[in-house]
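All remarks here apply to the structure that follows.
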Number of protein chains: 2
Amino acid sequence: MGGMAVKKVGRGTYKQQISDDLRQQIADGTLAPGAKLPTEAQLTDEYGVTRGTVRAALDILVNEGLIVSKRPVGYFVRERKPMVFRPQAEFRPRPYTPEMDAFMTEHQGRDPEQTIEVSIAEPTAEVAKRLQLKAGQLVVARRRVRYLDGEPFNINDSFFPLDLVRDTPIMRPESIAEGANEVLASLGYRQVRAIDELYVRMPTPDEVRRLELAPGTPIGYHVCTGYTEEGKPVRVAITVLPGDRHVISYERRRETPADES
Amino acid sequence: MGGMAVKKVGRGTYKQQISDDLRQQIADGTLAPGAKLPTEAQLTDEYGVTRGTVRAALDILVNEGLIVSKRPVGYFVRERKPMVFRPQAEFRPRPYTPEMDAFMTEHQGRDPEQTIEVSIAEPTAEVAKRLQLKAGQLVVARRRVRYLDGEPFNINDSFFPLDLVRDTPIMRPESIAEGANEVLASLGYRQVRAIDELYVRMPTPDEVRRLELAPGTPIGYHVCTGYTEEGKPVRVAITVLPGDRHVISYERRRETPADES
DNA sequence: TAGTGGTCTAGACCACGCC
DNA sequence: GCGTGGTCTAGACCACTAC
């Protein structure tokens, strides 16, 4: 419109121009991680648009996961400090020693904790299908939220057929020293095979709440189904990994990586 | 406000109530995948708020990836039909046969295509670090977009040190029958080890454009670095996997899956 | 108390696809 | 032409936090 000292930038709608401009400033370091953005009022003046338009531009960046709003202080460039999540570290040699625990050892020097809730529940369709349960069969759900330095780090929910684990340590809401898989093995259900699925999606409101996720944070949804020698599924573990706190890393050997043609 | 036949729902702000209500209808099947939502005008009447508030509620669902807007027709419940992406399928046995190509074989019955662009470029910091390049060293970039039934399916960009692949088939913008890794191997750079990293994040505007992503679609960002026997990195492959088109699936054997304690 | 972002209203004009 | 969603304006009130 009839602006005066109004900042002129690229093409497209106003909100696109503004978000593109700010995104560029974030990319080139003009706005460094952790830096505070101008206030909505300042941006309103700077670009010569109304506050609603400025907010629309900022919403774009919020939903891209680039900035966060810390009300009523202002908007800040988001800082990422992902932890490494190693699927192969989830394979631990026997005999088990507590020092080998994947969760504890991956993050030495920080302060790991976890909450555990155990319940008997009807399985979701997703779990029932993978455990090959018949209608009416119940499962034991061990729901955990793992924390690092007091911040939620990931969700790890495991499900077992109730018939298999009734009156075992798996049903107690506390850490299992030898690991739930050893308990299953001692019951005659040693797992020799696992199928992993990894989905990438936006979190549900429930996941946002449990993991205290900022808007614009996608998640990795990792479903691991464990089978016995006989092919019986005995355990489904679902891990929810916030995209801003994880890198999933693994190593392969001896064969030629393809990915090419 | 002083509404009349206004739909009353839960707690929170109006936009939260409205988006919660619609999300529930999507979850319980009242609004099935592919179904058309009421128009903004209808929702405005139904909930007794202004159009701006209705749009704020719909924006929440769009950014959760639950609905898409098909202008100027209306909003629709999003349908997901993910393809399976198997990292282990990326290991192919030698001798290579075209029928084994991971991309082709995983999707039989559909119509795969790809575009290839090859350029000599300065590496990004990300690539330079993984290839252990010195300042000024250039790379060959092979950028591909893979399509299935005419729809973009994923991005696969590979980077090679220019010194290694000058005047080889890798520099031609066309399919390499035997695979780029075989070319590298024949040059004396057979890869025996790979390190994989998988990040989960929202796409950049460039990725949105190349993959024609709907808003609210997160991506998996897969970086694979291949090393020779001597530990020299010779190739970085970056695959961008739209969350709405992929399930990453793999299988493990012989060891006990942990994920438990 | 001042200033921040969060929410909501009321109204306007536009581009696009369909009829 | 009509109805759809996309954009933008102008103004209001609120909750929260730092001062």
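Reminder, nothing fancy here: chain letters follow the sequence lines and each chain counts from 1.
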Figure out the [atom1]/[atom2] separation between [X] and [N], and round it to whole Å.
X: A:Y14; N: D:dA10; atom1: OH; atom2: P; result: 11 Å
X: B:R55; N: D:dC8; atom1: CZ; atom2: C1'; result: 11 Å
X: A:E40; N: C:dG3; atom1: CD; atom2: C1'; result: 12 Å
X: A:I60; N: D:dG6; atom1: CD1; atom2: P; result: 12 Å
X: A:K36; N: D:dT17; atom1: NZ; atom2: P; result: 16 Å
X: A:Y47; N: D:dT9; atom1: OH; atom2: P; result: 14 Å
X: B:F76; N: D:dG5; atom1: CZ; atom2: P; result: 9 Å
X: A:I67; N: C:dT4; atom1: CD1; atom2: C1'; result: 14 Å

*Pair A:E197, A:Y199: side-chain N/O donor-acceptor within cut-off below 3.5 Å*: yes
*Just wondering, are more than 12 heavy atoms of other shown residues or ligands nearer than 6.0 Å to NZ in A:K129?*
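Not more than 12 within 6.0 Å, no.
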_Is it true that, when you exclude A:Q24 itself, more than 12 heavy atoms of the residues, nucleotides or ligands shown sit nearer than 6.0 Å to its CD?_
yes
*Can you list the residues that meet the side-chain contact (heavy atoms from CB on, under 4.5 Å) rule with A:A141, with sequence neighbours excluded?*
A:S119, A:R143, A:F159
*Does B:P123 have any side-chain contact (heavy atoms from CB on, under 4.5 Å) partners at least two apart in sequence or in another chain, and if so, which?*
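Applying side-chain contact (heavy atoms from CB on, under 4.5 Å) to B:P123 gives B:V127, B:A128, B:L133, B:V139.
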*Base versus backbone protein contacts along nucleotides 14-19 of chain C [heavy-atom cut-off under 4.0 Å; B, S, -]*: --BS--
Would you say [X] reaches [N]'s phosphate, i.e. side-chain N/O to OP1/OP2 under 4.0 Å?
X: A:S69; N: C:dG6; answer: yes
X: B:K15; N: C:dT7; answer: yes
X: A:T53; N: D:dT9; answer: yes
X: B:Y75; N: D:dG6; answer: yes

*All salt bridge (Lys or Arg N to Asp or Glu O under 4.0 Å) counterparts of A:R23, not counting sequence neighbours*: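 For A:R23, the residues satisfying salt bridge (Lys or Arg N to Asp or Glu O under 4.0 Å) (neighbours in sequence not counted) are A:D20, A:E64.
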*Check whether NZ of the Lys or CZ of the Arg A:R201 lies under 6.0 Å from the centre of the six-membered ring of A:Y221 and within 45 degrees of that ring's axis.*
yes
_Considering only residues two or more places apart or on different chains, which pairs with a residue in residues 49-59 of chain A satisfy salt bridge (Lys or Arg N to Asp or Glu O under 4.0 Å)?_
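The answer is A:E40-A:R51, A:E40-A:R55.
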*Select one nucleotide: of C:dT4, C:dT9, C:dT7, the one nearest the side-chain heavy atoms of B:T50.*
C:dT9
Between N or O atoms, less than 3.5 Å apart, protein on one side and nucleotides 11-13 of chain C on the other: list the pairs.
| unit_1 | atom_1 | unit_2 | atom_2 | d |
| --- | --- | --- | --- | --- |
| C:dA12 | N6 | B:R51 | NH1 | 3.3 |

*For residues B:E126 and B:I238, report the shortest heavy-atom separation together with the two atoms involved.*
OE1-CD1, 3.8 Å
